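It should be emphasised that the depicted structure is a prediction, and the values quoted were computed from it without experimental measurement.
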Amino acid sequence: MTPLRQSPSPGQEGTALLMVMGVLATSMVLIAHLMTVSEILSKEAYAISAKGLLRYQAESAADTAFWLHLTDRRLFANRTLGQTAEDEFRTTEDFPPWMLDGRPHLLDEEHCSVTLNSGESGLVLKNLSSQLRQGLSAVDDADLLLEVDAFVDAYNDYVDDNDLRGVNGYEGEDYAADGFYTLPRNGPMEFKAELYWLPGWDAVIQGEIATLPPMQIAYSYPSASRTSIFSATPWDIASQLDQDEDSADVQSVMEALRLWREEGIPLEDSLDMELLVTLKNHFSFLEAGVAVVEANAYDGQREVMGGYRVVREAKISSRTFFADSKRECLSIWERKWR
C-alpha cells in the first residue's frame with residue numbers, strides 16, 4: 001500500500017518561502033554588486049587607455065605649438081607682448097600670435113588647449129641676494145632683510161663644495177639634526193625645488209622661481225631679467241605695486257591680462273596709462289628666450305584629460321638651442337606628463 005503524502009503545515013510553507021526569497025534577494029545583491037564592479041572596471045580601463053592616448057595627443061600639440069612659435073619668431077621681428085598688432089602681414093594673412101603670453105590656443109578640433117609662457121620669469125638663483133632684497137627698505141623691512149641674509153647664507157652653504165658654515169649658514173650637521181642626512185648637495189642646484197629644502201624659505205620666497213637649465217646647458221639669463229607681465233602671479237603684481245592682491249589696481253591688471261588672452265585686447269586699451277607705465281617699470285613686456293609649453297588634451301566627453309609640459313630654449317641662434325653637434329635634435333630643459 002502506498003503511504004499517504006503528508007501536506008506541509010502552513011508554518012513550513014512560510015519558512016520555505018522566506019528561505020527562497022532570502023536566497024533570491026542575496027543573489028540580486030551579488031548580481032548588482034558584480035554589475036557595479038564590472039562598470040567601475042570598465043570605466044577605469046577606459047580612463048587608463050584614454051589618458052595614455054591623450055598624453056600622446058598633448059605631446060604632439062605641444063610640439064606643434066612650439067614650431068608655430070618658432071615660425072612666429074622668424075616672421076615677426078617685434079617681440080613686444082600685449083600690444084596692438086601693427087604688422088600688415090599678420091593682419092592680412094590672419095596669422096594669430098604664437099607668443100609667450102599665456103594665450104590659449106585650441107587644436108585638434110578644440111579637444112586640445114595649448115599655452116606658451118616665459119621660462120625666465122621668477123627668482124633667478126644667479127642673482128638670489130639682489131632679487132630677494134629688491135624693493136625692501138632698510139628701515140621698514142629690517143626683520144625681513146635679516147631673514148633674507150640668513151637664507152642666502154644657507155643657500156651659499158648648500159651649493160659650495162666645503163663644510164665651512166657661513167655667518168648664518170646651514171651645513172651637514174644641521175640638516176642631519178632635522179633628519180636629512182644626505183643634504184646639503186655641496187654643488188650647484190639641479191632642480192629649483194631644492195630651494196624649498198633650505199631653512200626659512202617660506203619667509204622670503206613668495207613668487208615663482210625661474211626654470212633652472214640642465215647641468216649640461218650653460219644658459220645665461222639676461223642681466224636685468226624681470227618677470228614677464230604675462231607670467232606674473234597676482235602676488236607678483238601686488239608686491240611690485242606695493243598693494244594688496246584685492247586692490248583695485250591689481251584687479252584691473254588681472255582683468256586686462258584676461259582680456260588680452262581671451263579677446264586679444266591690447267593692454268594699452270584696457271589699462272590706465274599711468275598704471276601701464278608703472279607695470280613697464282617693474283615687469284618685462286619683451287618675449288623671453290625660454291618657452292614653457294603646456295598642453296591639455298580631453299576626450300570627447302571632457303571626462304578624461306592628459307597633459308604635457310615642456311621647457312625649451314626658443315632662440316634658434318642660441319648655441320645651446322640644439323642638443324647635438326649635428327644640430328638635428330632640439331634641447332629640452334624639462335618635460336612632464338600629467
Side-chain angles (χ1 to χ4, degrees), residues 81-82 99-104 115-152 154-155 189 191-212 221-222 224-262 267 270-272 274-288 290-292 294 309 311 334 336 338:
L81 304 174
M99 304 177 76
L100 307 183
D101 55 6
R103 178 183 296 196
T115 58
L116 300 96
N117 283 295
S118 166
E120 295 181 356
S121 297
L123 192 66
V124 178
L125 301 191
K126 184 178 179 180
N127 307 317
L128 185 61
S129 180
S130 60
Q131 288 197 62
L132 290 176
R133 287 174 164 273
Q134 185 178 3
L136 299 182
S137 167
V139 177
D140 299 332
D141 304 298
D143 292 339
L144 182 55
L145 285 171
L146 291 176
E147 292 184 281
V148 168
D149 290 340
F151 182 79
V152 171
Y155 169 77
M189 287 187 173
F191 311 100
K192 63 183 183 181
E194 290 181 60
L195 277 179
Y196 301 128
W197 295 346
L198 303 183
W201 69 267
D202 52 337
V204 298
I205 298 179
Q206 302 294 332
E208 295 295 322
I209 304 170
T211 304
L212 289 181
Y221 284 96
S225 179
R226 292 183 293 178
T227 296
S228 168
I229 183 61
F230 292 97
S231 298
T233 64
W235 182 91
D236 293 325
I237 297 170
S239 176
Q240 293 297 333
L241 297 181
D242 195 20
Q243 299 181 18
D244 295 328
E245 290 188 31
D246 57 355
S247 68
D249 282 347
V250 173
Q251 294 303 313
S252 296
V253 174
M254 298 308 298
E255 176 63 12
L257 295 177
R258 185 192 67 80
L259 291 173
W260 167 257
R261 294 188 181 105
E262 297 181 5
L267 300 191
S270 57
L271 280 178
D272 175 75
E274 183 178 351
L275 179 56
L276 181 59
V277 171
T278 301
L279 290 176
K280 289 184 176 180
N281 289 333
H282 291 90
F283 294 94
S284 173
F285 280 70
L286 292 177
E287 198 164 53
V290 179
V292 178
E294 297 186 71
R309 181 181 187 272
V311 181
E334 293 180 6
K336 179 173 63 177
R338 296 191 303 275

Evaluate the side-chain proximity of Q240 to V253: yes if any heavy-atom separation is below 4.5 Å, no if none is. no

How close do A256 and L267 get, heavy atom to heavy atom, and via which atoms? O-CD2, 3.6 Å

When rounded to the nearest 0.5 angstrom, what is the spacing between CG in L275 and CG in D249? 5.0 Å

Evaluation steps, side-chain contact (heavy atoms from CB on, under 4.5 Å), between V250 and D244: CA-CA 8 Å; V250 173; D244 295 328; over 6 Å; no

What verdict does the side-chain contact (heavy atoms from CB on, under 4.5 Å) test give for M254 and E245, after you've listed the backbone C-alpha separation in whole Å, the side-chain angles of each residue and the deciding distance to 0.1 Å? CA-CA 10 Å; M254 298 308 298; E245 290 188 31; over 6 Å; no

Does the pair D149/R133 count as a salt bridge with the N-to-O cut at 4.0 Å? yes

Could you state the interatomic distance from CG (L144) to CZ (F151), rounded to the nearest 0.5 Å? 12.0 Å

Can you name the nearest heavy-atom pair linking S231 to S118, along with the distance? OG-N, 3.3 Å

Between E194 (side chain) and F191 (backbone), is there a donor-acceptor pair under 3.5 Å? yes

Quick check: closest heavy atoms across G102 and T115, and the distance to 0.1 Å? O-CG2, 3.9 Å

More than 12 non-hydrogen atoms from neighbouring residues, nucleotides or ligands closer than 6.0 Å to CG on D242, yes or no? no

dist K280:NZ -> I229:CD1 (nearest 0.5 Å) comes out at 11.0 Å

Counting only heavy atoms not in N281, do more than 12 fall under 6.0 Å of its CG? yes

So, taking the atom named CG in L257 and the one named CG in L279, what distance separates them when rounded to the nearest 0.5 Å? 8.0 Å

First locate atom CG of L195, then atom CD1 of I205, and finally report the distance between them rounded to the nearest 0.5 Å. 4.5 Å

Ring-plane angle category for W201 and Y196, please: parallel below 30°, perpendicular beyond 60°, tilted otherwise. perpendicular

Heavy-atom closest pair (G119 atom, V292 atom, distance to 0.1 Å) is CA-CG2, 3.5 Å

Apply side-chain contact (heavy atoms from CB on, under 4.5 Å) to residues S252 and D272 and explain how you reach the verdict. CA-CA 9 Å; S252 296; D272 175 75; over 6 Å; no

Mind listing the closest non-hydrogen atom pair of A288 and L100 along with its distance? O-CD1, 3.7 Å

Heavy atoms of L212 and K192 approach each other most closely as CD1-N, 3.4 Å

R338 vs E294 side-chain heavy atoms within contact, under 4.5 Å: yes

Quick one, F230 with R103, criterion side-chain contact (heavy atoms from CB on, under 4.5 Å). Give me CA distance, side-chain angles, the key distance, then yes/no. CA-CA 9 Å; F230 292 97; R103 178 183 296 196; over 6 Å; no

Taking the side chain as every heavy atom from C-beta outward, state whether P104 and R261 have any atom pair closer than 4.5 Å. yes

Can you measure from CG (D236) to NE2 (H282) and round to the nearest 0.5 angstrom? 12.5 Å

